[in-house]
Amino acid sequence: MPARPEQSAFDFGDDPVVPVNAARPRSSSTESIPRAAVTELVVRVRPDQPAIDRLFDYTVPASLCDQIRVGTMVRIPLHGRRVGGWIVEVDVDPDPSLTLQSIAGVSGWGPPSSVLELAQWAAWRWAGRTATVLRTASPPRVVRAVPRRDVRPAPVPVTVASDELTGLAREAFNLPVSTIRLPPTSDVHPLLVSAAARGPLLVIGPSAATMRRLSMRMRRAGVEVALLPDDWAGARAGSVCVFGTRAAAWAPIAEVATVVVLDEHDESLQQEQAPTWHARDVAIERARRAGAPCVLVSPMPSSEARQLGPVLVPSRAAERSGWPMVDVVDRRDAPPGEGLFSEKFVAALRGEGRVVCILNRKGRSRLLGCAGCGALATCERCQASVTQSDEGVLVCGSCASVRPLICTNCGTTKMRNLRAGVTRVREELEALVREPVSDLTGDSDLSLGGTGARVIIGTEAALHQINEAAVVAFLDFDQELLAARYRASEEALALLVRAARLLGARERGGRLLIQTRLPDHEVVQSALHADPSRLAASDDERRKMLRLPPYRAMAAVSGVSAPAWIAALGTQSAIEVLGPSDGRWLLRADDHQTLCDVIASVPRPAGRLRIEMDPLRV
DNA sequence: CGGACAAGCTGA
DNA sequence: CAGCTTGTCCGG
């Protein structure tokens with residue numbers, strides 16, 4: 001393959017680049033005698049160590065001047081050692097009382113200036129350090145050169161049928177922030193093609209596999225695409241569509257005409273480690289700064305999205321066809337002893353095609369009772385309930401001590417499994433269908449061989465690892481509906497969305513089977529009627545009443561220096577301090593502006609302090 | 001972050 | 001009081 005022409009550092013168009021001879025004499029009002037006609041170029045650098053949250057000035061050797069621009073990654077001498085850093089400003093007037101050192105070298109290309117500024121905003125918004133965010137925004141490996149790209153006209157979409165979706169898209173492109181409610185199995189490709197016709201497009205979604213697939217289809221449609229994180233240099237070259245997962249919110253593009261966030265409701269769009277930035281919110285701010293529309297897409301728009309802008313809804317018929325058929329198995333009057341296998345489930349199991357059974361409990365048993373005296377099996381040390389591991393021994397859920405399978409009350413070794421886990425249910429299923437049944441949990445490694453079994457039982461991890469099924473059955477959906485998390489309902493519906501994608505559109509005939517004692521629950525009803533607004537309505541009410549996000553801004557504070565920091569925070573009328581519980585405080589304010597400003601105003605003591613903005617658990 | 005330097009602790 | 005640990009400061 002012929003080598004691609006590489007562009008030299010200074011014929012690149014997006015940022016103002018310093019000409020080689022930019023080192024100009026600085027006019028200094030405090031000096032009456034003019035300095036030498038040519039002084040050295042001075043740059044301001046942010047070190048890549050998050051703990052050093054300051055900027056430092058350095059001179060640039062003439063030999064490196066042509067590689068210097070805002071964002072360039074450099075090595076700098078600092079306090080007797082060398083650290084990395086980003087140039088944040090070029091040609092600055094340094095404090096004349098300082099003697100500057102010279103940068104030690106240029107390591108490569110970095111984010112454009114707009115992303116540098118966005119990172120600084122995110123550091124405020126999620127109470128973190130700018131350098132932490134900038135690391136995410138920087139190339140995974142050193143980028144020495146960026147490909148030259150001839151700017152070509154944006155491709156005209158190959159007459160995408162002027163269907164409903166493109167109509168909704170046109171509406172969305174005229175709004176700063178909006179959400180398109182697209183059912184789980186519908187195809188977003190036409191939407192992306194019409195967005196790409198508007199100019200540089202940024203597409204962010206939760207799944208790397210999906211983003212790869214969508215980017216390849218886009219390429220086949222004649223659009224130049226850079227897929228992150230691999231093609232960072234290609235994205236940096238500009239005039240291209242960029243696809244990627246949550247970190248792509250920091251894609252190194254100077255200009256963007258449209259930003260699209262797919263599966264906006266998905267929790268994996270939020271970073272788990274602090275700062276806990278959310279790709280949706282970064283994307284919205286980014287689009288706002290660029291004057292571009294931000295289009296959120298989701299089969300079940302989050303309450304955050306509903307708060308941020310209008311939700312554009314397809315016709316009832318279109319939405320219905322994008323959800324699978326749902327069988328709700330009402331277990332309220334299940335005969336005792338029927339266990340997890342209802343008649344309807346057994347019938348579905350005996351049909352054709354792959355059956356994926358979901359039970360969010362690992363191991364053999366999560367709750368055991370003695371077959372002799374009826375006592376619940378508990379830990380000898382801490383009284384918590386014990387579970388039975390894959391190996392058959394009893395393990396305490398809270399102190400992890402292990403003991404053999406014996407009743408501490410009467411000495412019997414016969415135990416009744418009151419809440420079976422995946423390992424045990426796999427054996428029962430195998431006995432029932434008389435064919436091999438595979439189990440699949442987060443610990444399973446599918447890369448070796450994969451599971452060829454027709455019937456699969458797994459935790460929700462199975463929904464990420466299998467991509468096709470004729471039936472998906474939730475054996476105990478109440479566990480999801482009743483989980484003690486404030487987002488439990490949304491998380492439960494998100495599981496049904498995942499399941500729907502294994503089944504495909506309604507016309508394919510796949511069945512989504514839900515065993516529950518709460519058949520009237522909004523989550524179940526939303527899936528049954530292909531109408532997520534049923535959950536949305538009740539969710540908004542509840543969140544308003546309980547003063548939860550998005551009606552309030554919240555942050556969780558923990559870590560060894562949390563008590564000291566909370567003390568320094570004191571009592572302020574603008575924010576409410578709750579806790580501590582388990583060494584964790586909750587802060588609440590009317591909005592992010594208030595909460596973030598207060599947090600930023602309190603200096604951080606030394607030691608570990610974790611501030612989790614917009615926590616998933618409160 | 002991590003090097004420098006100071007103050008504090010230990011043992012003969 | 002040397003020799004070592006622990007803590008605080010600060011960087012261009």
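No hydrogens, no waters, no symmetry mates; every other heavy atom, side chains included, goes into these values. Convention: sequence-line order gives letters A, B, ...; per-chain numbering from 1. Please read these numbers as outputs of a predicted model, since none were measured by experiment.
Taking atom CD of A:Gln101 as the reference point, atom P of C:dG11 lies 12 Å away to the nearest angstrom. Atom CG in A:Leu100 sits about 13 Å away from atom C1' in C:dG11, given to the nearest Å. When rounded to the nearest whole Å, the span between CZ of A:Arg81 and C1' of C:dC10 equals 10 Å. Straight-line distance from the CD1 atom of A:Ile87 to the P atom of C:dG12: 17 Å, rounded to whole Å. Per the geometry, CZ belonging to A:Arg82 stands 14 Å off P belonging to C:dG12, to the nearest Å. Between the CH2 atom of A:Trp86 and the P atom of C:dG12 there is a distance of 19 Å, rounded to whole Å.
If you run side chain to side chain donor-acceptor pair (under 3.5 Å) between A:Gln593 and each of A:Asp597, A:Asp590, A:Asp591, only A:Asp597 comes through.
Annotation: side chain to side chain contact (heavy atoms under 4.5 Å, CB included) contacts of A:Arg543 (sequence neighbours excluded): A:Ser303, A:Glu304, A:Tyr486, A:Arg487, A:Glu490, A:Asp539, A:Leu548, A:Pro550, A:Tyr551. Scanning for side chain to side chain contact (heavy atoms under 4.5 Å, CB included) contacts around A:Leu100 gives A:Val42, A:Asp57, A:Thr59, A:Pro94, A:Leu98, with sequence neighbours left out.
Here chain A contacts DNA chain B (any atom closer than 4.0 Å to a heavy atom, that is under 4.0 Å), and the contacts span B:dC1 to B:dG3 from 5' to 3'.
For A:Arg46 and A:Asp53, the salt-bridge test passes: some basic side-chain N is under 4.0 Å from an acidic carboxylate O. With respect to the salt-bridge test (charged N to carboxylate O, under 4.0 angstrom), the residues A:Arg141 and A:Asp230 do not qualify. With respect to A:Arg219 and A:Glu224, no salt bridge is recorded, no charged nitrogen being found less than 4.0 Å from a carboxylate O. Of the charged side-chain nitrogens involved, none lies within less than 4.0 Å of a carboxylate oxygen, so that A:Glu460 and A:Arg498 do not count as a salt-bridged pair.
Residues in residues 247-267 of chain A take part in these ring-ring contact (aromatic ring centres under 6.0 Å, His included) pairs, two or more places apart or across chains: A:Trp250-A:Trp277.
For the residue pair A:Ser558 / A:Arg610, no side-chain donor-acceptor distance below 3.5 Å is found, with atom types taken as modelled.
Listed by residue number, there are no residues of residues 117-129 of chain A with a heavy-atom contact under 4.0 Å to DNA chain B. Non-hydrogen atoms lying under 4.0 Å from DNA chain B are contributed by A:Gln49, A:Ala51, A:Ile52, all within residues 48-57 of chain A.
The backbone N or O of A:Ala249 sits less than 3.5 Å from a side-chain atom of A:Arg286, completing a donor-acceptor pair.
Considering NE2 of A:His464 and OG1 of A:Thr459, their distance stands at 8.5 Å, rounded to 0.5 Å.
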